[in-house]
**Student:** 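Have a look at the structure that comes next, please.
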Amino acid sequence: QLQLVESGGGLVQPGGSLRLSCAASTFSLDGYAIGWFRQAPGKEREGVSCISDRGTFTNYVESVKGRFSISRDNAKTTVYLQMNTLAPEDTAVYYCAADWRPYANICTLTKGPFNLWGQGTQVTVSS
């Protein structure tokens, strides 16, 4: 069974940093664009960042630009989301998701194309 596993969430003070990881447990991420999404209580799930299959294209929602950075390792088994200068409004469950787009120099922040999702990791920003 194909599965994505997120890790790295936790409780952090405002202004702090966390690095989330998204790993594939039984398959390679090669060929997949990967997105990070988040869902706060009572809100819609929103796209935060994404990275193309080859890592040559990235995209961010406006509210995290300059603070978050997405990357993937050379073996394409893990995708990271480095989150800096965290604020209380970043509090949410963060999910990674995979969209099959081999060799495509593009990714999207919309949920529709993503058909493989992890279980999520909680990020809480509070003093």
**Student:** Any idea which heavy atoms bring Val5 and Ser25 closest together, and the distance?
**Tutor:**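 Smallest heavy-atom distance, with atoms named: CG2-CB, 4.5 Å.
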**Student:** Quiz question: by atom type and distance under 3.5 Å, do the side chains of Gln122 and Thr124 form a donor-acceptor pair?
**Tutor:**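 There is such a pair (donor and acceptor under 3.5 Å, judged by atom type) between the side chains of Gln122 and Thr124.
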**Student:** Which distance, rounded to the nearest 0.5 Å, do you find between the CD1 of Ile70 and the CD1 of Ile51?
**Tutor:**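 Rounded to the nearest 0.5 Å, the CD1-CD1 separation comes out at 5.5 Å.
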**Student:** When rounded to the nearest 0.5 angstrom, what is the spacing between OG in Ser21 and CG in Leu4?
**Tutor:**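 CG of Leu4 is found 12.5 Å from OG of Ser21.
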**Student:** Find out whether Val93 and Thr121 are in side-chain contact, i.e. whether some heavy atom of one side chain is under 4.5 Å from a heavy atom of the other.
**Tutor:**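 Sidechains of Thr121 and Val93: no contact.
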**Student:** Might you point out which heavy atoms bring Arg72 and Ala33 nearest each other, and give the distance in Å?
**Tutor:**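 Result for this residue pair: NH1-CA, 4.4 Å.
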**Student:** Ignoring hydrogens, what is the shortest heavy-atom contact between Ser52 and Ala104? Give both atom names and the distance.
**Tutor:**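 For Ser52 versus Ala104, the nearest heavy atoms are CB-O, 3.5 Å.
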**Student:** So which atom in Leu29 and which in Ala24 form the shortest heavy-atom distance, rounded to 0.1 Å?
**Tutor:**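 Nearest pair, atom of Leu29 first, then Ala24: CD2-CB, 3.7 Å.
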**Student:** Side chains of Arg38 and Glu46, heavy atoms from C-beta outward: is any pair under 4.5 Å?
**Tutor:**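 Of all side-chain heavy-atom pairs linking Glu46 with Arg38, at least one is under 4.5 Å.
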**Student:** Any cation-pi pair here, Arg45 with Phe37, using under 6.0 Å and within 45°?
**Tutor:**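 The answer is no; the distance or angle limit is not met.
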**Student:** Are Phe27 and Leu116 packed together at the side-chain level, in the sense that at least one heavy-atom pair is separated by less than 4.5 angstrom?
**Tutor:**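 Side chain of Phe27 against side chain of Leu116, heavy atoms only: contact under 4.5 Å found.
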**Student:** Once ring-ring contact (aromatic ring centres under 6.0 Å, His included) is applied, what residue pairs with a partner in residues 82-107 remain, sequence neighbours excluded?
**Tutor:**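 Non-adjacent pairs meeting ring-ring contact (aromatic ring centres under 6.0 Å, His included): Tyr32-Trp100.
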**Student:** Taking the side chain as every heavy atom from C-beta outward, state whether Ser49 and Tyr60 have any atom pair closer than 4.5 Å.
**Tutor:**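 Yes; the side chains approach each other to less than 4.5 Å.
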**Student:** Calculate, to the nearest 0.5 Å, the distance between atoms OG1 and CD belonging to Thr26 and Gln3 respectively.
**Tutor:**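 It is 7.0 Å, given to the nearest 0.5 Å.
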**Student:** Output every pair passing disulfide bond (SG atoms under 2.5 Å apart) with a member in residues 2-34, not counting sequence neighbours, ordered by first then second residue.
**Tutor:**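 Those involving residues 2-34 are Cys22-Cys96.
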**Student:** Under the side chain to side chain contact (heavy atoms under 4.5 Å, CB included) rule, what do Met83 and Val123 come out as? Steps first, then yes or no, please.
**Tutor:** CA-CA 10 Å; Met83 306 187 296; Val123 171; 3.9 Å; yes
**Student:** When you measure from the side chain of Asp99 to the backbone N and O of Phe114, does any donor-acceptor pair fall under 3.5 Å?
**Tutor:**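 Between the backbone of Phe114 and the side chain of Asp99 there is no qualifying donor-acceptor contact (under 3.5 Å).
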**Student:** Taking only residues at least two apart or on different chains, which pairs with a member in residues 111-120 satisfy side chain to side chain donor-acceptor pair (under 3.5 Å)?
**Tutor:**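 Applying side chain to side chain donor-acceptor pair (under 3.5 Å) to every pair that reaches into residues 111-120, excluding sequence neighbours, yields nothing.
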**Student:** What residue pairs, at least two apart or across chains, pass disulfide bond (SG atoms under 2.5 Å apart) with a residue in residues 27-66?
**Tutor:**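 Qualifying pairs, neighbours excluded: Cys50-Cys107.
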**Student:** So do Trp36 and Val79 actually touch side chain to side chain, heavy atoms under 4.5 Å?
**Tutor:**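 Touching, per the 4.5 Å side-chain cut-off.
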**Student:** Each residue besides Leu11 in its hydrophobic cluster should be listed here, by chain and number; the cluster joins Ile, Leu, Val, Met, Phe, Trp and Tyr at side-chain heavy-atom distances under 4.5 Å.
**Tutor:**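 None, because no other hydrophobic side chain comes under 4.5 Å of this residue.
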**Student:** State yes or no: do Val64 and Tyr80 share one hydrophobic cluster built from I, L, V, M, F, W and Y residues joined by side-chain heavy-atom distances below 4.5 Å, directly or via other members?
**Tutor:**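 Each belongs to a different hydrophobic cluster.
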**Student:** Give, for atom OG1 of Thr108 and atom CG of Asn59, the distance between the pair rounded to the nearest 0.5 Å.
**Tutor:**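 Rounded to the nearest 0.5 Å, the OG1-CG separation comes out at 8.0 Å.
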**Student:** Just wondering, more than 12 heavy atoms not from Glu89 lying within 6.0 Å of its CD?
**Tutor:**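 Counting other residues, nucleotides and ligands, CD of Glu89 exceeds 12 neighbours.
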**Student:** Check whether any side-chain heavy atom of Pro113 lies under 4.5 Å from a side-chain heavy atom of Arg101, and answer yes or no.
**Tutor:**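 They are in side-chain contact.
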**Student:** Please go through Ile106's hydrophobic cluster and name the other residues, only I, L, V, M, F, W, Y counting, with side-chain heavy atoms under 4.5 Å joining them.
**Tutor:**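 Direct or chained contacts put Ile106 with Phe57.
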**Student:** Can you see which heavy atom on Gly120 is nearest to which on Glu6, and at what distance?
**Tutor:**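 Taking Gly120 first and Glu6 second, the nearest heavy atoms are N-OE1, 2.8 Å.
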**Student:** Considering non-hydrogen atoms only, spot the tightest contact between Thr85 and Asp90 and give its length.
**Tutor:**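 So the minimum-distance heavy-atom pair works out to O-OD2, 4.4 Å.
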**Student:** Does some side-chain heavy atom of Ser71 sit less than 4.5 Å from a side-chain heavy atom of Gln82?
**Tutor:**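 Gln82 vs Ser71: side chains apart.
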